[in-house]
Participant: 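Sharing a structure below in structure tokens format, with a few things to ask.
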Amino acid sequence: MLPNPALKMLLAHQGLKVERSRCVQHRYKPTDCDRCFKICPSGAIRWTDDGLHWEESDCQRCLLCVAVCPTGALVARELPFVHTLKKLAAEDRPVLACSGRPSTVGHARLHCLGLLCNPELLLASSLALGRPFQLNLTECRECPNAVMLPYLKISAEQVSESVAHAQLIEQTTDLDYHEKSVSRREFFSLLRRQSKVAAHSLADALQEMPDRSFGDKALPARRMLLLQLLKRLSDDQRVDLTGRLFPTIDFSGDECTGCTGCVGLCPTGAMLPPAMQGQPPKAHVQNCTECDLCTAFCSSDAIRIKPGKLGLMAMEIISAST
Amino acid sequence: MSKKYGMAIDLHKCVGCGACALACKNENNTEARSDGQSHNWADFVMKTEGVFPKTRYTQMPVLCNHCSEAPCVMVCPVTPKAMFKAADGSTLHNQGRCIGCRQCQDACPYSELVLDDASNRGENSSVISFNLHGKKTQSAWYDKTELIPGCTASAAEVVQKAGGLPPDVNQFKSGDYQPVRKAGVVEKCIFCQHKVANGEQPACVEACPAEARIFGDQNDAASNVSKVKAANKKTLMRYKEDEGTEPNVFYVRSYGDPTV
């Protein structure tokens, strides 16, 4: 037992939150989603009698499970990613590093850059920053989390086809890092700002939201971020990107019985109830994270999902993990 | 020995007055029939045969059979199951875990996904009802039309004045069950768990003027339900026995086929 509750909260901050109500297997047991089990290098993510379980003592905090979970059932207890992006956006040549290797340099830190093995998050970062940014991987090889490197490369490769910007820097000589020189006044205002953010995050953690009920719909944070960023694009760009990124969902009218089971199954709210009972549901593709719960569930095989770019990119990571 | 709740319905005594069904609706705040969902946890199936004057009318009360081999529990895809067997043998439901896939409704031999008009004549019924996705529950109480304009109150006004939804809401606390369900979940009889846990009888049993409904612990030989079961051993019937669901609701009638 830690004597200090605040200290305990800070440490809990580095772990994972398991939201079982979001988990595909928890919602519909017959599905065979095993993305997190497969990618975890240390067997810290398991299926127990209680269901999805994160074994804290076995976890290396590489965040690969968070990156591959399609529905946001595994959440990293970190500051919202927006904070990281804000820090990077203030730099001309932003460098993102990790707190696992404090000796590396960077303008912002994630616990492990393994989080960016999710191409969707990497894409969102590229859209948010709108200019090249470097991922400081110079010490990754000596880190137990080096397993995430090949996935990160695939992730960056996938994204570079759409909006090339993330640069994976493995040699110190390739790193282009400039520390901002700050005046005394700037230093103290920076310190004040940072402390404020830290205090806020601690306060948020102290009054953590209770677990969602299974019936609630919720988007993974990265999808919410992406949707917000898409709004900022010009109309042409937005239409072009949304057309490619998201899947298309069709219902075969003859086979759909209108039971609306898929509306209930969907954890993210991509299936909306029909206007008239008995009709097929309405698809809201921007909310679809292609977890394939609905297609696995539909006994009349009436749902046809044509993957979008986001789904295809995610599949590249998942197939590499087998 | 753990409890195993069960109910016997003595059809010699039942006259089909419907007091049980009304008491249930009142107790459990169940909605009015809409969209093919009866929301009747206690309901009836009825059958009229023959040509006048040689006619025959059969009426049988139906409710969740709290089956020992409950198909609704077996198919529930959620972990931990939203539809589950409690230690006392009753089949209960957790609305916080229910995702509204309706597989329980589909699997239950006593339930229909959507009831047609024939259900108004008692030709069929459904012991599991569903609160449609995206539709407000208790929706009839949002209606603002006044039956006699300027004279009678609208449903919405009654709700506002009474401060409950429905206005006469019975606020019970019962483990996993909420007194009013939300949209996108199923609902069904819970053997009035909130009353039984406090040593009371289910509302339908209390309301029956003929004492045709007998509720109790089947594992207790001294309980009323065990006595009724023992006394009518030869003629005891269960609804759709051949489905193999091992219902815990028993029907007593010594002549003819009581099931409709």
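We name chains A, B, ... by the order of the sequence lines, and we start the count at 1 in each one. Note that the coordinates shown come from a computational prediction; the quantities given were computed from them, not determined experimentally.
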Participant: Taking side chain as everything from C-beta outward and backbone as N, CA, C, O, which of these in B:R97 sits under 4.5 Å from a heavy atom of chain A? Side chain, backbone, both or neither.
Facilitator: both

Participant: Strictly by modelled atom types, are B:D88 and B:S90 linked by a side-chain donor-acceptor pair under 3.5 Å?
Facilitator: yes

Participant: How about B:F191 and B:H66: are their ring centres within less than 6.0 Å of each other?
Facilitator: yes

Participant: Examine whether an atom of A:S21 lies under 4.5 Å from a heavy atom of chain B, and if so say whether it belongs to the side chain, the backbone or both; otherwise answer neither.
Facilitator: neither

Participant: Does B:D116 use its side chain to pair, donor to acceptor, with the backbone of B:A118 at less than 3.5 Å?
Facilitator: yes

Participant: To check you understand the geometry: which heavy-atom pair defines the closest contact between B:V62 and B:S125, and what is its length?
Facilitator: CG2-OG, 3.5 Å

Participant: Check whether NZ of the Lys or CZ of the Arg B:K136 lies under 6.0 Å from the centre of the six-membered ring of B:Y142 and within 45 degrees of that ring's axis.
Facilitator: yes

Participant: What residues of residues 212-223 of chain A sit under 4.5 Å from chain B when you count only heavy atoms?
Facilitator: A:S213, A:F214, A:G215, A:D216

Participant: How about residues 268-278 of chain A versus chain B: which residues have heavy atoms under 4.5 Å apart?
Facilitator: A:P273, A:Q277

Participant: For this output row, return yes or no: ring centroids of A:F297 and A:Y28 closer than 6.0 angstrom.
Facilitator: yes

Participant: Which region of B:K182, side chain (C-beta onward) or backbone (N, CA, C, O), has a non-hydrogen atom less than 4.5 Å from a non-hydrogen atom of chain A, or is it both or neither?
Facilitator: side chain

Participant: Between B:Q105 and chain A, which part of the residue has a heavy atom less than 4.5 Å away: side chain, backbone, both or neither?
Facilitator: neither

Participant: Give a yes-or-no answer on whether the side chains of B:T30 and B:N28 include a donor-acceptor pair shorter than 3.5 Å.
Facilitator: no

Participant: Report the C-alpha distance between B:D35 and B:K135 in whole Å, list the side-chain angles of each, state the deciding distance to 0.1 Å, and finish with yes or no for salt bridge (charged side-chain N to carboxylate O under 4.0 Å, His left out).
Facilitator: CA-CA 10 Å; B:D35 301 306; B:K135 191 193 163 196; 2.6 Å; yes

Participant: For A:E255, which residues count as a salt bridge (Lys or Arg N to Asp or Glu O under 4.0 Å) partner, sequence neighbours excluded?
Facilitator: A:R304

Participant: Dump the intermediate steps for side-chain hydrogen bond (donor to acceptor under 3.5 Å, both in side chains) on B:S119 and B:R33, then the final yes or no.
Facilitator: CA-CA 10 Å; B:S119 71; B:R33 180 186 297 261; 2.8 Å; yes

Participant: In terms of heavy-atom pairs under 4.5 Å, which option from B:G100, B:C101, B:A183 contacts chain A the most?
Facilitator: B:C101

Participant: Would you say the side-chain atoms of B:N124 and B:E112 include a donor-acceptor pair closer than 3.5 Å?
Facilitator: no

Participant: Is there a donor-acceptor pair under 3.5 Å between the side chain of B:K240 and the backbone N or O of B:P109?
Facilitator: yes

Participant: So, for A:G15 and A:R61, which heavy atoms are closest and what is the spacing to 0.1 Å?
Facilitator: CA-NE, 4.2 Å

Participant: So, B:R238 side chain and B:N248 main chain: donor-acceptor pair closer than 3.5 Å or not?
Facilitator: no

Participant: Apply side-chain hydrogen bond (donor to acceptor under 3.5 Å, both in side chains) to the pair B:E31 and B:Q138, showing each step before the final yes or no.
Facilitator: CA-CA 6 Å; B:E31 268 197 87; B:Q138 305 286 345; 5.4 Å; no

Participant: Considering only heavy atoms, give the residues of residues 33-48 of chain A separated from chain B by less than 4.5 Å, sorted numerically, with 'none' for an empty result.
Facilitator: A:W47

